[in-house]
Amino acid sequence: MRYILFALLFFIGGLGWNIGAQNDAPRTVTADEVNAIAQELYCPVCENITLDTCGTAACADWRYEIQLQLEAGFTSEQIKADFVRRFGDRVVGTPQDPLLRALSLVTPFVLVAAGLILLLKWYWGEKRAPQRHILDTLPPVAEPSDADLRARIERDSQR
Amino acid sequence: MLAEIGFIATWLAIAVALYGIVASAIGYYRRLPAWTVSARNAVYIVFGALSIAIGALLIGLITENYHIAYIWTVSNPNMPMFYRMTALWGSQAGSLLFWCWLMSAFSALSVALNWRTNNRLMPHVILFQLTLTAFFTLLLVAIENPFARYWVAGEEVLQAALQPAGAVAPAMTALSESAKGLNPLLRHFGMAIHPPLLYLGFVGFLVPCAFAFAALATGDLSIQWIKASRRWTLTAWIFLGLGLVLGGRWAYDVLGWGGYWGWDPVENAAFLPWLIGTAYLHSIMIQEKRGMFKTWNMALMVATFSAVIFGTFATRSGLVESVHSFARSDIGFPMFALWFSVTLTLIGLIIWRRAAGGLRDDHPMTSFLSREGLFLLNNFVFLALFIAIFWGSFGAPITSELFFDTKITLGAEYFLGVTSPLFLALFILMGIAPLSGWGASALRRMGTGLLIPSTLTLLTLFGFILMGHTKAPTLIGYGLVALAGWVAVYETYRAVRARQTHLKENPVAALIALARRNPRRYGGYLIHVGVAVIGIGIIGSTAYQRETQATLSVGGELSLDGYTLRYEQFEGGQIAEDGRIMDIAVVGVYRDGQHLATLRPRRDFFPQQQDMNTMTIAAAHSTLENDIYVLLLDWDEISQTSATFKVYINPLINLVWWGALILIAGTAIGLYPTVTAEVVTRRVSDVPNAFAKGRA
């Protein structure tokens, strides 16, 4: 019984060792996985081109670097952070630096909100202002009565 | 000789333009009409002189006159005639000359067509147009002269318009052998049409802005300046819109990234004036109908033209780095100065006229649910889009570099996040504004009018769900866009039905009659339909794009979204007529085992080109449902047995191009002159029974 127990423990231990060894081996990374990250990174030296579509040799090297990092178990966020550390905030679509990120993302909303406040202020001003009409400034014209109008038309029709 | 003719003609244009500016000022302020007539003739002469200049450069390109440095840079003997001609706008100097010529052409045409009807505004219209033309032409000869020639003085090669002392012209054979040729990116049919359309759009806004300036300067702030310039604005707007769409098509075909809009600063710079111009085209309707928003309309026109000059400055100065921009140039500072001074002058004039009471509205705003209220909200959303896109393209990157010494890029993530809700708000307004009434809210009418379009929208959504487009946010987007389109269709249908019922017309005759009687309304509805179709194409192709990349051996297959692609064979080293070397992969496309198409994605190599000498040209199988878009990324050079492909499935992308065609049709109707109903007058005695009835 003792021998059986030892054999079982040895087998389980061996299995665990084997699984651990398999985890240490680099996993296979597909081009699609690389492109998914490269899509979110801009070429550090080109003009507004994402890494997945950039055709230069340097970009091919960076894509290979992403593949190696994925194989080594890095997450997408870690890879992006690594690129930002090396090349600055221009390699990502929105800056990672908290201040720059806030400035970039919040400013348009602040400007639009300010515009909206101005619009509403103007609207309430219009509502409160006395009704104006360009014709209001002209002297009032007496409306002809029906009888007058009919008489005038009949007079005209007899000419 | 061609260079000398072009050079002299350009200087003549500048001299005559300067004369015309002075003559128009004297004509107006001293009340001497003969001087104004002389200024008008100056406009025609400037156009003639610049036509000679551009003709000289074009002949130089066709006849391969490589002594002219510009021609040596953008052309070579291997290039087909078509691309030799389009090389006219292939680089900074030539495109600037083309720009100046277009400006003079628009000026001449607008002056000729408005001379009788808007004589009072003409001196200032001429003054504004000639000032801008003179400025750009001066930039051309002073900084980016397209007529500079190569000269050899001893060991040194010089570039100068006139022959320097002791220099001789180099041998033509040496020049033709070393000529660089057009940038490969520009050797595409789209590039033959896209830049001229974009320039027509940009330059076209010169005319309405000149009328706005004239109205402000003369104090004639009636509706006249808007009436005179509305068709010019619409013309510029459609050219700019088509330029943007064709630019997208060029990017899709040539840049090889599976998309058409990359939120690049230069793309955005061309989009900004279109946005403000669209707001203006809506807003002037309120001034025409209700005498409101006079200051606002002036400001929108000024903002549109200001955005045009800013966009030109950004593209041509090297302010931003982009695949679409020209190389860094010295024209940056003068153009910035022009943008600043023109904008400041026009804003100053608006403030002055407003303070003097000339821009006071005839009616106050009564309700946000009235048509003018909804148009105002529409303007606000356009302005918000302008702010968001301007900030992302220029504001944030420049602020970050100036104050934090850090270069940043705001990409698709920022733009899609910020602009998507604004675009959806626009579509909501597009859906309900046509159902509203002038001067008062009409909630009941809106509700009734939305009933059938909403039903049709639900049916449309059902269709999208059947296609597998089931993400909730995109269904909301599809719904709002489709509703805007169906409202336009239904409103047109209702009007056709009314004519059928009352006038017994057939539907086609009724539709034609409607378009002739009210081209603005029905042209506008068709434009809304076009925009809705484009909107659906954009949502579908953005949200449901699929892509994969794989390396295949000959005979190998990859699958994506129900399609199978088989790598059939490789055809390497094919030499094209223009000298490019093409490496082509032949790929079969199958669905459910059935052969759909054979695609030939390729890589072009331009041996004579020093930089940017390789291009990846996609091949696509297009249907209304989607595009199967294949790129050849790499291949085994030696055995040629394996190749790497990137494949995209772009759903509904073709609706973007079809929508653009509908947009053109709508604008063409909108530009059609209104047929005014003939007023029939009859003597009352001819209809004796009328009063007999009245007396009874």
Side-chain angles (χ1 to χ4, degrees), chain A residues 30-32 34-36 39-42 44 46-50 52-56 60 87-97 99-101 103-105 107-109 111-116 119-120 122-123 125-135 150 153-154 156-159, chain B residues 255-259 262-266 291 320-325 360-366 368 373 376-377 380 383-384 387-388 391-392 395-397 399-400 404 406-414 417-418 422 547-551 614-616 633-634 644 646 683-685 691 694:
Chain A
T30 65
D32 289 347
V34 174
N35 282 337
Q39 241 168 33
E40 294 174 16
L41 289 168
Y42 281 81
C46 312
E47 311 134 336
N48 279 299
I49 300 174
T50 51
D52 65 320
T53 55
C54 171
T56 64
F87 303 109
D89 266 313
R90 68 172 299 188
V91 295
V92 278
T94 42
Q96 302 282 301
D97 177 79
L99 181 63
L100 283 174
R101 193 176 176 82
L103 179 81
S104 305
L105 298 179
T107 309
F109 289 103
L111 291 173
V112 171
L116 196 61
L119 180 72
L120 290 173
W122 169 82
Y123 176 66
E126 286 274 293
K127 292 282 268 187
R128 281 192 198 136
Q131 293 283 306
R132 62 174 184 276
H133 190 284
I134 196 158
L135 296 177
R150 181 167 292 183
I153 293 170
E154 285 185 0
D156 285 350
S157 65
Q158 284 163 4
R159 276 179 195 167
Chain B
L255 296 184
W257 56 277
W263 295 106
D264 177 278
V266 172
V320 288
E321 290 176 348
S322 161
V323 70
H324 303 278
S325 62
R360 191 181 297 158
D361 290 347
D362 297 349
H363 294 93
M365 257 279 283
T366 49
F368 268 124
L376 185 64
L377 287 176
F380 178 77
L383 202 65
I387 290 169
W391 175 254
T399 308
S400 157
F404 300 93
T406 306
K407 274 192 171 186
I408 61 165
T409 310
L410 291 186
E413 183 188 331
Y414 163 83
V418 176
L422 293 171
E547 64 169 273
T548 190
Q549 183 178 321
T551 302
T614 310
M615 290 204 18
T616 305
L633 294 186
D634 205 358
T644 305
K646 194 164 187 180
R683 287 170 64 88
V684 178
S685 56
F691 282 95

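Convention: sequence-line order gives letters A, B, ...; per-chain numbering from 1.
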How many angstroms lie between atom CG of A:N35 and atom CD of B:E547, to the nearest 0.5 angstrom?
6.0 Å
Across all chains, not counting sequence neighbours, the ring pair (Phe, Tyr, Trp, His ring centres under 6.0 Å) partners of A:Y123 are B:F368
Side chain from CB out, backbone as N, CA, C, O: work out which of these in B:T551 comes under 4.5 Å of a heavy atom of chain A, or both, or neither.
neither
Please report the shortest heavy-atom distance between B:F404 and A:L103, naming the atom on each side.
CE1-CD2, 3.9 Å
Can you tell me how far the CD1 atom of B:I387 sits from the CZ atom of A:F109, to the nearest 0.5 Å?
12.0 Å
Report the distance from atom CH2 of B:W257 to atom CD of A:Q39, rounding to the nearest 0.5 Å.
10.5 Å
Contact origin within A:V92 toward chain B - heavy atom pairs under 4.5 Å
backbone
Under 4.5 Å to a heavy atom of chain B? For A:L120 that would be side chain
What distance separates A:D32 CG from B:T548 OG1, expressed to the nearest 0.5 Å?
3.5 Å
In sequence, state the C-alpha distance, the side-chain angles, and the governing distance for A:V34 and B:Q549, and then conclude on side chain to side chain contact (heavy atoms under 4.5 Å, CB included).
CA-CA 10 Å; A:V34 174; B:Q549 183 178 321; over 6 Å; no
Given that the side chain runs from C-beta out, which part of B:L377 has a heavy atom under 4.5 Å from chain A: side chain, backbone, both or neither?
side chain
Chain A contact via B:A550 - which portion, at a heavy-atom distance below 4.5 Å:
neither
Which residues pass the ring pair (Phe, Tyr, Trp, His ring centres under 6.0 Å) test with A:F87, not counting sequence neighbours?
A:W62, A:F83
Find the distance between CZ (B:F380) and CG (A:L119) and round it off to the nearest 0.5 Å.
6.0 Å
Max heavy-atom pair count under 4.5 Å with chain B, selected residue of A:A31, A:S104, A:A36:
A:S104
Name the region of A:L116, side chain, backbone, both or neither, that has any atom closer than 4.5 Å to a heavy atom of chain B.
both
Please report the interatomic distance CG(B:L255) to CD1(A:I49), rounded to the nearest 0.5 Å.
8.0 Å
Under 4.5 Å to a heavy atom of chain A? For B:L383 that would be neither
A:L100 portion near chain B, given a 4.5 angstrom heavy-atom threshold:
side chain
A:D97 versus chain B, heavy atoms under 4.5 Å apart: side chain, backbone, both or neither?
neither
Portion of A:Q96 that has a non-hydrogen atom of chain B nearer than 4.5 angstrom:
neither
Closest heavy-atom pair and its distance - B:A388, A:P108
CA-CB, 4.2 Å
